[in-house]
> 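Okay, here's the structure, questions in a sec.
Quick note on labels: first sequence line is chain A, next is B, and so on, each numbered from 1.
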Protein chains: 2
Amino acid sequence: MARAATTTDAFNAVAEPRRRQILDLLRARERPVNELVELLGLAQPQVSKHLRVLREVDLVHVRDEGRQRMYRLNPGPLQPIHDWLRAYEQLWNERFDLMDDVLDDLGKAETDDGDDD
Amino acid sequence: MARAATTTDAFNAVAEPRRRQILDLLRARERPVNELVELLGLAQPQVSKHLRVLREVDLVHVRDEGRQRMYRLNPGPLQPIHDWLRAYEQLWNERFDLMDDVLDDLGKAETDDGDDD
DNA sequence: CAATCGTATACCCATAACGGAATGCGTCAA
DNA sequence: TTGACGCATTCCGTTATGGGTATACGATTG
């Protein structure tokens, strides 16, 4: 088996920096492929391919406008990532990092008061 | 070029579901590889390999305890992901999704009543 | 109608992931 | 010391990525 497809979910889709850039650019407003190509400094086919991935995980919506295709951000699928991170958020915000040192100490002290061994 | 290495950053490392599971398990407390193997139902080598990736992006710390290796969560590297998502968080919390429908309608109606074009 | 623009797709290549299986290596027990 | 345990590493095969380049396709223009 290989790595999970980039189109599996937002986690995989967003692991690619260029695709994050694209989403960042679309946060301001919808844009045609053309414009993304210039802003990213990538070749047009690569941009189209990244957009395809983003489309497949529903992170962007497309709208036909003449011969242009306007891409618009759809942030919804990012929410699961945020939800998953929520449980970790407190771990670095609080003083839980102090527990780091405590655990380290315990690890070194080990069987200080235990008669089990 | 291939996909960026899983050890490039936390984004890539946590794109893999199993690795997210491992982190979830380590959130409760530090655990030996052994225990993760049982809880995940994976073969031991695969778990060790996932742990290697997590180590390389510094999402876990290891501590030697006899012939066991205790793995402990280090949530810090997750923060950049959270930071990146912060800009999007408001987009799904607010009523911005209403704008979705409006824009969709505009896209379909297009030049229905507009002589702009 | 032909020519051109804006995009998407097809193809090629180099790279590496992930799982499986075998093995290496340090630690502890008898 | 020999053997068992806990874990890491190596090799294998399959799969798909992401960039490059060429091309196909619909829409607009002349």
> Once you round to the nearest 0.5 Å, how far does CZ of A:R3 lie from CG of B:N12?
5.5 Å
> Classify every nucleotide of nucleotides 1-13 of chain C by which part a protein heavy atom approaches to under 4.0 Å, writing B for the base, S for the sugar-phosphate alone and - for neither, in 5'-to-3' order.
----BSBBBB---
> List in numerical order all residues of residues 14-29 of chain A for which some heavy atom is under 4.0 Å away from an atom belonging to DNA chain D.
A:E16, A:R18, A:R19
> Does A:H61 offer a backbone N or O that forms a donor-acceptor pair with the side chain of A:N74 under 3.5 Å?
no
> Do A:L36 and A:H50 have side chains that approach each other closer than 4.5 Å (heavy atoms only, starting at C-beta)?
no
> Across the strands shown, which category fits A:A4 at heavy-atom distances under 4.0 angstrom: base, sugar-phosphate, nothing?
nothing
> Please identify the 5'-most and 3'-most nucleotides of DNA chain D with any atom under 4.0 angstrom from a heavy atom of chain B.
D:dC5 to D:dG18
> Verify, without hydrogens or angle tests, whether A:R19 (side chain) and A:V14 (backbone) share a donor-acceptor contact under 3.5 angstrom.
no
> Determine yes or no for a side-chain-to-main-chain donor-acceptor pair under 3.5 angstrom, with B:R27 supplying the side chain and A:A87 the backbone.
no
> How many angstroms lie between OH in A:Y88 and CG in B:L23, if you round to the nearest 0.5 Å?
4.5 Å
> Can you tell me how the ring of A:H82 sits relative to the ring of B:H82, calling it parallel under 30°, perpendicular over 60° and tilted otherwise?
parallel
> Are B:E16 and B:K49 ion-paired here, with the side-chain N under 4.0 Å from a carboxylate O?
no
> Under a 3.5 Å distance rule, please check whether B:R20 uses its side chain to pair with a backbone N or O of B:A15 as donor and acceptor.
yes
> Calculate, to the nearest 0.5 Å, the distance between atoms CG and CE belonging to A:L26 and A:M70 respectively.
9.5 Å
